There are 2 protein chains.
Amino acid sequence: MDAGRGTAEAGDGKGTGEGDGGAPRPRTYGPRERMVFSAAQLIRRDGVNATGMREVAVHAGAPRGSLQHYFPGGKQQLVDEAVAWSGRYAARRIGRFLAALPEPSPSALFAAMVGQWIREYETEGFGAGCPVAAATVDCAQSAESTRRSAAGAFATWNAPLADALTGFGVPAAQAPALALLMISTLEGALLIARAEGSTAPLETVARELGPLLDGCATGRDRT
Amino acid sequence: MDAGRGTAEAGDGKGTGEGDGGAPRPRTYGPRERMVFSAAQLIRRDGVNATGMREVAVHAGAPRGSLQHYFPGGKQQLVDEAVAWSGRYAARRIGRFLAALPEPSPSALFAAMVGQWIREYETEGFGAGCPVAAATVDCAQSAESTRRSAAGAFATWNAPLADALTGFGVPAAQAPALALLMISTLEGALLIARAEGSTAPLETVARELGPLLDGCATGRDRT
DNA sequence: TGCGGTTTATGACAGCGGTCATAATACTGA
DNA sequence: TCAGTATTATGACCGCTGTCATAAACCGCA
């Protein structure tokens, strides 16, 4: 899922430790948005409970006083919004993957999704995982609203994926299930890759699951 | 994966004394073991950072003073051992599933693994997930030893699964990869199921991935 | 210029976290 | 019985957390 990073649209961001004043901070985003963005970044690195509000403000280059102003619901609101934002981000990225596929197929799309993570891990290390997964692990039991937010994020992520699969010839009735399978497998492989500090699990699941996915696309309906 | 249930005295049965009709006399575990066990339970429920040492002692019915005595390495040591224990537990359970399969096949084994979670969620609610996943999310970045412990747990879990797959006719070269795919998918579906508060994701991945796994067992190729 | 709102600044607080220091107790073995 | 170790019992400490209360600064607008 990723919380987005650098690139053209996110601008500022990473490097929590080095909050140095080196890079000019494009003010294209307001403090509120930056705090949500930073929260997602920190959550996916350290988990929800290890991410402090003050830390979020610092990371976002936002004044601490803005926290209670923009998020009167406290930390829970901030976390919920960060999770929802991450879901939207992942969904948007599906569209971008789709547009960039040389030849459309379920396995190619899955490879693109996994490949994005492989590239991130190779270039930036295994410091961060999926923020929605982190929020689920940390809050599913303790914060009902966050749990719901995570469920919404997964659904938001699933929808465009399922649409893409139907476009590949997967029966409409099966597409959402297959999309869920892809997301599940990616999330799990992400976890294991982070634990092992290796991209091998990601590469493995892409290699193993990809052909099986394609089998569903050409199975009976596609012509 | 699961960390067993009930309070500290439950143990995990380990086959003896539970089904053999003898007196069920719960074998009593020492405070140390109970604390590791309780730590796993609490971690999988609230995550690592939200689980306090004092809380672990209380849950285990163990004296607080024993914490620093048995775990001079502090919380990190306790967490590491809880994670390692969980890995061993999951591995042991593969053997039990295998022995109980009516007709051996990859899909049946996967269904058993998933089914265990479905049953737990149906009877005890969605309060808890996989402790190894929780530890990975919370500690992969901050605690190197815990990250390694989680990697070890996944490996410990993978080994008997891969062995079982080769027993089902999966080529030995592919078995570990397929085992990884199964674990990844299960972990991811677990996450989503918890977020949604529904067992549907678990049922879905079992239904979708199962047949694909069997396709690999029939001596079919993988290129 | 003054006013009303949005936004930011600061400080305090109450609580809990892990960890340490120290002492008391229980138990084993001679 | 006693010595010595293993275990348990407390209490304190310091740092950090989320949250609140309050006031200052800012800014568009008359």
Side-chain angles (χ1 to χ4, degrees), chain A residues 16-17 19 21 25 27-43 45-83 134-135 138-139 141-146 149, chain B residues 8 28-43 45-83 134-135 137-139 141-146 149:
Chain A
T16 74
R25 204 183 301 273
R27 287 275 170 170
T28 59
Y29 287 91
R32 218 199 107 104
E33 260 173 308
R34 295 205 314 274
M35 282 190 281
V36 172
F37 178 84
S38 288
Q41 272 214 308
L42 294 175
I43 286 170
R45 225 193 36 183
D46 302 317
V48 171
N49 294 302
T51 297
M53 300 282 276
R54 294 165 171 84
E55 189 186 1
V56 170
V58 169
H59 183 273
R64 205 191 90 193
S66 297
L67 278 171
Q68 71 175 288
H69 183 256
Y70 289 115
F71 306 95
K75 184 178 188 176
Q76 189 156 317
Q77 180 185 356
L78 176 58
V79 170
D80 291 358
E81 294 200 21
V83 168
D138 280 348
C139 306
Q141 166 68 12
S142 55
E144 174 69 10
S145 73
T146 306
S149 199
Chain B
T28 177
Y29 287 87
R32 219 200 105 106
E33 262 172 307
R34 294 204 314 271
M35 282 190 281
V36 172
F37 179 82
S38 287
Q41 272 214 306
L42 295 174
I43 286 170
R45 183 181 221 69
D46 302 315
V48 171
N49 294 302
T51 296
M53 299 283 274
R54 295 167 170 85
E55 191 186 359
V56 170
V58 169
H59 183 274
R64 205 190 85 184
S66 297
L67 278 170
Q68 71 176 285
H69 183 256
Y70 289 115
F71 306 95
K75 184 177 189 178
Q76 189 157 317
Q77 180 185 356
L78 177 59
V79 171
D80 291 358
E81 295 199 21
V83 169
V137 161
D138 280 347
C139 306
Q141 164 70 13
S142 55
E144 174 70 10
S145 72
T146 305
S149 199

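Values reported hereafter were calculated over all heavy atoms of this structure, with side chains retained and with hydrogens, waters and symmetry mates removed. Below, chains carry the letters A, B, ... as their sequence lines are ordered, and counting in each starts from 1. What you are looking at is a predicted structure, and each value in this text was computed from that prediction instead of being measured.
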Main-chain N/O of [Y] paired to [X] side chain as donor or acceptor, under 3.5 Å:
{"X": "B:Arg54", "Y": "B:Arg64", "result": "no"}
{"X": "A:Arg45", "Y": "B:Gln141", "result": "no"}
{"X": "B:Asp138", "Y": "B:Val48", "result": "yes"}

Phosphate-side-chain proximity, B:His69 and D:dT7, N/O vs OP1/OP2 below 4.0 Å =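 Answer yes for this pair, as a side-chain N or O of B:His69 is under 4.0 Å from OP1 or OP2.
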Would you please confirm or rule out a distance under 4.0 Å between OP1 or OP2 of D:dT8 and any side-chain N or O of B:Tyr70?
->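 So the side chain of B:Tyr70 is within the cut-off, an N or O lying under 4.0 Å from OP1 or OP2 of D:dT8.
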Might you point out which heavy atoms bring A:Ala82 and A:Ala40 nearest each other, and give the distance in Å?
->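 Distance-wise, the nearest heavy atoms are CB-N, 3.8 Å.
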Considering all heavy atoms, the nearest A:Leu78-A:Met53 contact |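 Where A:Leu78 meets A:Met53 most closely, the heavy atoms are CD2-SD, 3.9 Å.
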How do B:Ala62 and A:Val48 order along DNA chain D: which one's closest nucleotide is nearer the 5' end?
->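 The residue whose closest nucleotide sits nearer the 5' end is B:Ala62.
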Comparing A:Leu67 and B:Pro31 on DNA chain D - which has the more 5′ nearest nucleotide |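 The residue closer to the strand's 5' end, by nearest nucleotide, is B:Pro31.
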If you walk 5' to 3' along DNA chain C, what is the first nucleotide with an atom under 4.0 Å of a heavy atom in chain A, and what is the last?
->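 Extent of the interface on DNA chain C: C:dT6 to C:dA12.
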B:Ser145: side chain to side chain contact (heavy atoms under 4.5 Å, CB included) partners, not counting sequence neighbours =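 With sequence neighbours excluded, B:Ser145 shows a side chain to side chain contact (heavy atoms under 4.5 Å, CB included) to B:Gln76, B:Asp80, given in chain and number order.
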Rounded interatomic separation in angstrom, taking [atom1] from [X] and [atom2] from [N]:
{"X": "A:Gln68", "N": "D:dT22", "atom1": "CD", "atom2": "C1'", "answer": "10 Å"}
{"X": "A:Asp138", "N": "D:dG18", "atom1": "CG", "atom2": "P", "answer": "13 Å"}
{"X": "B:Phe71", "N": "D:dT8", "atom1": "CZ", "atom2": "P", "answer": "11 Å"}

Does any N or O donor sit under 3.5 Å from an N or O acceptor when you compare the side chain of B:Arg64 with the base of D:dG11?
->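 Yes, the side chain and the base share a sub-3.5 Å donor-acceptor pair.
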